[in-house]
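Worksheet for the structure shown next.
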Amino acid sequence: MKKNIAVAGTGYVGLTTGTCFADLGNRVTCIDINPDKIAMLERGEVPIYEPGLSEMITRNVKAGRLHFTTDYKTALEEAEYVFICVGTPSGVDGEADLRYVRMAAESIAKTMTHPIIIVNKSTVPVGTGDWVADIVHRSQPKPIPFDVVSCPEFMREGSALYDFMNPDRVVLGSKNKDAAEKVAQIHIPLRTRIIVTDLRTAEMIKYASNAFLATKISFINEIAAICEKMGADVNEVAVGMGYDKRIGPQFLNAGLGYGGSCFPKDVKALEHMALVQGSHPALLRAVMDINRDARRWVIFQLRALLGGQLNHRKIGLLGLAFKPNTDDIRESPALEIARMLQYEGALITGYDPVAMGNASRDNPELRLVESAYELADGADALVVCTEWNEFKQVDFVRIKESMKQPILVDGRNIYEPDMMQELGFIYRAVGRGSTFTNGHEFAHNGN
Ligand code: UGA
């Protein structure tokens, strides 16, 4: 049945959640305190790049199901649910900074006029649901009943719409089972498992899920580092491991490590929570260390291939977004690599199909070009930082001809080492031992 839903925050999570709920037939009002963002959305412009989102917004605005406002009062007027989807950036010690959650909770408390269910989708430390309830109680001008339900999101940027509409599960946590049931109702059209638990457990499920996925990535990157020394191929190792149902094939792509607005921040925040409570989060620390090393790997490769000196070397970065199908550059390995190389005096050029605007705001010294071919022109080396599909199809003969020297460092393992060597590239990939040693000979000698 059609419901009236308000969504606070129009970042990736809020905009996707609001738009998808509208697409499921509900009446949704998205709120943001930033008037420029709301003005953009009202003009039909979308402040972020997410495949399919712009079309879905237009469709639902036209159908009269999706609205935007800066005013909580208007949004909450008839809402039965209000989703909190605001940012929780990292604080100075890695803790989650909850100032936007607090602001949203206070605004809800001050403007609600009837009982409402507050659904928290922002990733927040365990215990925040109780804290939100407390803020709302204390900020209400007169007491009106409400419930807090935690409903962590598991969407990935780049496939957010698909993930919202086809979730593996929906997790709901609340002190009040009836409130959780009411939130379950609006998820029924998604036809998925709905897990109802208490607030703190739901909040922990989110951190544990992200930390586990980050651990899988760091695990395969550690194996990659060993493969590289031993003459084994980590891509094939991952395939061989992935067929074991207990392991599974996903999140075993070795490369430059995880970036984005979630894994780096959430692993850090979980470590911080553990430390504050007197735990010793050794595994989480190792996961972060390995992720840092994964980016440095590029610098070591380039130093080795370019005679130790990177000063004045022209290096091209293929891809700047933290992963394909997004313009998000937060914690992007490419931008950290650019900074490290610039620090050593290298001249860095970048190309990305959609993230160049964001990249140039982040790093004004970065030179930007319009294609992989322009990037190759006169370059001492190219580095694949993001595995965009269009990089898999380039004309390598043309690329090689225009480079000063044919050095290709593949930070995402998207090419076949044998093919690249046949084409005449000096090719390095992550954890693909045969590109470093003569793998077969090494293995035989070892026996
Ligand atoms: C991640 C989770 O996958 C979502 O379930 C979660 O909802 C979201 O965080 C969040 O907490 O909001 P996202 O950050 O969009 O989603 O991106 P992922 O596709 O998970 O990739 C994260 C990073 O890991 C990327 O930098 C990617 O390149 C890297 N990665 C991923 C690898 O290096 N290897 C892999 O095998 C997989």
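We count ligands from 1, going down the list as the structure has it; atoms in each ligand are counted the same way.
- Of all protein heavy atoms, the one lying nearest to atom 30 (N) of ligand 1 is Ile217 CD1, 3.4 Å.
- In terms of protein heavy-atom proximity, atom 26 (O) of ligand 1 is nearest to Gly259 N, 2.9 Å.
- Centroid-to-centroid, the aromatic rings of Tyr258 and Phe322 stay 6.0 Å apart or farther.
- Heavy atoms of Tyr12 found under 4.0 angstrom from ligand 1: none, in either backbone or side chain.
- Shortest contact from atom 5 (O) of ligand 1 to any protein heavy atom: Phe154 O, 2.8 Å.
- Proximity annotation for atom 37 (C) of ligand 1: of Phe251, Tyr207, Phe263, Phe251 comes nearest, heavy atoms only.
- The side chain of Lys206, and not its backbone, has at least one atom closer than 4.0 Å to an atom of ligand 1 (non-hydrogen atoms only; side chain from C-beta on).
- When non-hydrogen atoms are compared, ligand 1 lies under 4.0 Å from the side chain of Asn210 (C-beta onward) but not from its backbone.
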Verdict with reasoning, Arg330 to Glu157, per salt bridge (charged side-chain N to carboxylate O under 4.0 Å, His left out): CA-CA 12 Å; Arg330 286 175 286 179; Glu157 284 178 24; 3.7 Å; yes
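- Both the backbone and the side chain of Asn253 come within 4.0 Å of ligand 1, counting heavy atoms alone.
- Contacts between Glu157 and ligand 1 below 4.0 angstrom, taking non-hydrogen atoms only, involve backbone and side chain alike.
- Using a 4.5 Å heavy-atom cutoff, the side chains of Arg169 and Ser209 are in contact.
- Neither the backbone nor the side chain of Glu331 has any atom closer than 4.0 Å to an atom of ligand 1 (non-hydrogen atoms only).
- When the options Lys323, Met155, Lys216, Gln250 are ranked by their closest heavy atom to atom 18 (P) of ligand 1, first place goes to Lys323.
- Taken from CG in Leu41 to CG in Asp32, the straight-line distance is 8.0 Å, to the nearest 0.5 Å.
- Ring orientation note: the planes of Phe83 and Phe21 are tilted relative to one another, at an angle of 30° to 60°.
- Nearest heavy atoms, Ala8 versus Tyr72: CB-OH, 3.5 Å.
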